[in-house]
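Just below is one structure, and these are the notes that go with it.
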Amino acid sequence: MGCSNKPATTEKSNKPAAATKIKASQPKSKPKTILETFKKSSKKQLQYYALGDSLSVGLFSDNQNTRFSTLFTKSLEDKTDKQVVESNTSSVGKTVTNFGIDHVQEVIAKHPDIVTVEFGTNDAAYGVDPVNVNNFVTNLNSVISELKHQTKAEIILMTCWSPSNGKYITNDQVYDQKIKEIGQKYQVPVVDLSTIWKNNPNVTKNDLGISSVYNIQKDEFHPNQSGHQAIADLLIKTVEETKAN
């Protein structure tokens, strides 16, 4: 038989092409907050360390169990259903330069889960000349850097404290800005205490008598019990709303 001259034909299948499977995109889980991370931690006990000046000491709370750091500790316990152990290295009248930088290794040795660093109020009282400001920035940088690199702690920075008519408010603004810049640099939250004391004389109103708890005459500069409660509330709000590192 001779070869056919008909052109070859290509048969097309009548079967429908297999459908391409498209994977449904899964919604991304929301970043966990500091509080959520603590709640889900396998740890039964959390370590909290407060490093600071007279505010962290507790002047002038009703007693040492009602200073802001201890109130914050109790709130963390309530909200995480875990035991929270508070350590506190703070001293009246001190700065990050003459106190904080020298005690940071004590904080690190405790292997803390969360740390509050509260300096600036006394630094601001020394003035805003370049030497004081540069010392503050250098040493606060060092404190936060060491905590970041030598612990796994969540770190919270705190700004300056003042009465609503305080004489150092202009200086406070300079130091607060530096604190916020350091917080941004290391991606740690900054609790702005001016949101408590600004235009609110009630949080510094004291009876001016002698404090039997702290053995010193009360003033109208430091937070009273209402002020300490407000600081603790602001701290717990921060851990409820801030993404964990």
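When every heavy atom of Glu154 is checked against every heavy atom of Phe38, the shortest pair comes out as CG-CZ, 4.0 Å. Across every non-hydrogen atom of Phe221 and Pro163, the tightest pair is CD1-CD, 3.3 Å. Heavy atoms only, all atoms of each residue included: Tyr49 and Pro112 are closest at CB-CB, 4.3 Å. When all heavy atoms are compared, the tightest approach of Ser90 to Ala50 is OG-O, 3.8 Å. Between Ala124 and Asp172, the shortest heavy-atom distance links the atoms CB-OD1, 3.3 Å.
A donor-acceptor contact shorter than 3.5 Å links the side chain of Glu36 to the backbone of Thr33. In this structure, Lys178 contributes its side chain and Leu140 its backbone to no donor-acceptor pair below 3.5 Å. Under the 3.5 Å distance criterion, the side-chain polar atoms of Asn134 are matched with a main-chain donor or acceptor of Pro130. Within the 3.5 Å criterion, the main-chain N or O of Asp192 finds a donor-acceptor partner in the side chain of Thr195. Under the 3.5 Å distance criterion, the side-chain polar atoms of Asn206 are matched with a main-chain donor or acceptor of Asp219. Using a distance-only test at 3.5 Å, with no hydrogens or angles considered, a donor-acceptor pair links the side chain of Trp197 to the main chain of Cys160. The backbone N or O of Asn65 sits nowhere less than 3.5 Å from a side-chain atom of Thr70 that would complete a donor-acceptor pair.
Residues Thr138 and Phe136 have side chains not in contact (no heavy-atom distance under 4.5 Å, counting atoms from C-beta outward). Residues Leu147 and Val104 have side chains in contact (heavy-atom distance under 4.5 Å, counting atoms from C-beta outward). Taking 4.5 Å as the limit, some side-chain heavy atom of Pro223 sits within range of a side-chain heavy atom of Trp161. Looking at heavy atoms from C-beta onward, Ile231 lies in side-chain contact with Leu235 at the 4.5 angstrom threshold. Put simply, the side chain of Val107 does not reach to within 4.5 Å of the side chain of Thr89, judged on heavy atoms. Using a 4.5 Å heavy-atom cutoff, the side chains of Met158 and Val117 are not in contact. Looking at Val115 and Thr151, their side chains never come closer than 4.5 Å, going by heavy atoms from C-beta outward. Looking at Gln64 and Val213, their side chains come closer than 4.5 Å, going by heavy atoms from C-beta outward.
Hydrophobic clustering places Ile144 together with Val137 (ILVMFWY residues linked when any side-chain heavy atoms are closer than 4.5 Å, directly or through intermediates). Note on Val174 and Val190: same hydrophobic cluster, where clusters join Ile, Leu, Val, Met, Phe, Trp and Tyr whose side-chain heavy atoms are under 4.5 Å apart, directly or indirectly. When hydrophobic clusters are built by joining Ile, Leu, Val, Met, Phe, Trp and Tyr residues whose side-chain heavy atoms come closer than 4.5 Å, directly or via intermediates, Ile179 is grouped together with Val188. Grouping the Ile, Leu, Val, Met, Phe, Trp and Tyr side chains by contacts below 4.5 angstrom, directly or via other members, places Leu55 with Ile236. Cluster annotation: Ile101 is connected to Leu51 through the hydrophobic network of ILVMFWY side chains, with a link wherever side-chain heavy atoms come within less than 4.5 Å.
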Begin with the C-alpha distance, continue with both residues' side-chain angles, and end with the deciding distance and a verdict on side-chain contact (heavy atoms from CB on, under 4.5 Å) for Leu157 and Val191.
-> CA-CA 6 Å; Leu157 272 166; Val191 168; over 6 Å; no
Going through the checks in order, is the side-chain contact (heavy atoms from CB on, under 4.5 Å) test met by Ile196 and Leu234?
-> CA-CA 9 Å; Ile196 297 173; Leu234 192 52; 4.0 Å; yes
Apply the test side-chain contact (heavy atoms from CB on, under 4.5 Å) to residues Phe72 and Ile114: give CA-CA distance (whole Å), side-chain angles for both, the deciding distance (0.1 Å), then the verdict.
-> CA-CA 11 Å; Phe72 177 52; Ile114 184 166; 3.9 Å; yes
Would you please test Val203 and Ser226 for side-chain contact (heavy atoms from CB on, under 4.5 Å) and show each step?
-> CA-CA 6 Å; Val203 295; Ser226 175; 4.1 Å; yes
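A donor atom on one side chain and an acceptor atom on the other are not found under 3.5 Å apart for Asn135 and Asn132. Counted by atom type alone, Lys152 and Asn245 present zero donor-acceptor pairs between their side chains at under 3.5 Å. No hydrogens or angles considered: nothing links the side chains of Asp78 and Ser75 as a donor-acceptor pair under 3.5 Å. Using modelled atom types, one finds no donor on one side chain facing an acceptor on the other under 3.5 Å when comparing Gln47 with Ser87. With 3.5 Å as the limit, one finds no donor-acceptor pair spanning the side chains of His222 and Thr204. Checking Asn141 against Tyr186 by side-chain atom types alone, a donor-acceptor pair falls below 3.5 Å. Side-chain contact annotation: Tyr168 with Ser162, donor-acceptor N/O pair under 3.5 Å absent. Residues Ser69 and Tyr48 have side chains that never bring a donor and an acceptor to within less than 3.5 angstrom of each other. Looking only at atom types and distance, the side chain of Ser61 has a donor-acceptor partner in the side chain of Tyr214 under 3.5 Å away. Gln105 and Glu146 are linked by a side-chain donor-acceptor pair at a separation below 3.5 angstrom, with hydrogens and angles left out of the test. One side chain, Gln225 or Thr66, offers a donor N or O that lies under 3.5 Å from an acceptor on the other. Under 3.5 Å, the side chains of Asn139 and Thr97 contain a donor-acceptor pair of N or O atoms.
Leu76 contributes atom CG, which lies 9.5 Å from atom CD1 of Ile34 (distance to the nearest 0.5 angstrom). To the nearest 0.5 Å, the span separating CD on Gln217 from CG on Leu208 amounts to 6.5 Å. Considering CD of Glu118 and OG of Ser56, their distance stands at 3.5 Å, rounded to 0.5 Å. Here the OG1-CG distance, from Thr238 to Leu35, works out to 11.5 Å after rounding to the nearest 0.5 Å. Ser211 OG to Leu59 CG: the interatomic distance, rounded to the nearest 0.5 Å, is 7.0 Å. We find the CG-CD distance between Leu71 and Glu86 to be 9.5 Å, quoted to the nearest 0.5 Å.
The local environment of NZ in Lys74 is crowded, with over 12 non-hydrogen atoms from other residues, nucleotides or ligands closer than 6.0 Å. Within 6.0 Å of NZ in Lys205 there are 12 or fewer heavy atoms belonging to other residues, nucleotides or ligands. Surrounding CG of Asp207 are more than 12 heavy atoms belonging to other residues, nucleotides or ligands, all under 6.0 Å away. At most 12 non-hydrogen atoms from other residues, nucleotides or ligands lie less than 6.0 angstrom from CD of Gln184. With a 6.0 Å radius and a threshold of 12 heavy atoms from other residues, nucleotides or ligands, Lys110 has its NZ atom at or below the threshold. For Tyr126, the OH atom is loosely surrounded, since the number of other residues' heavy atoms within 6.0 Å does not exceed 12.
A salt bridge does not link Arg67 to Asp62: none of the charged side-chain nitrogens sits closer than 4.0 Å to a carboxylate oxygen. Between Asp81 and Lys39, none of the side-chain N atoms (NZ, or NE/NH1/NH2) sits under 4.0 Å from a carboxylate O, so this pair counts as no salt bridge.
Relative ring orientation between His228 and Phe68 is described as parallel, the plane-to-plane angle staying below 30° on a 0-90° scale split at 30° and 60°.
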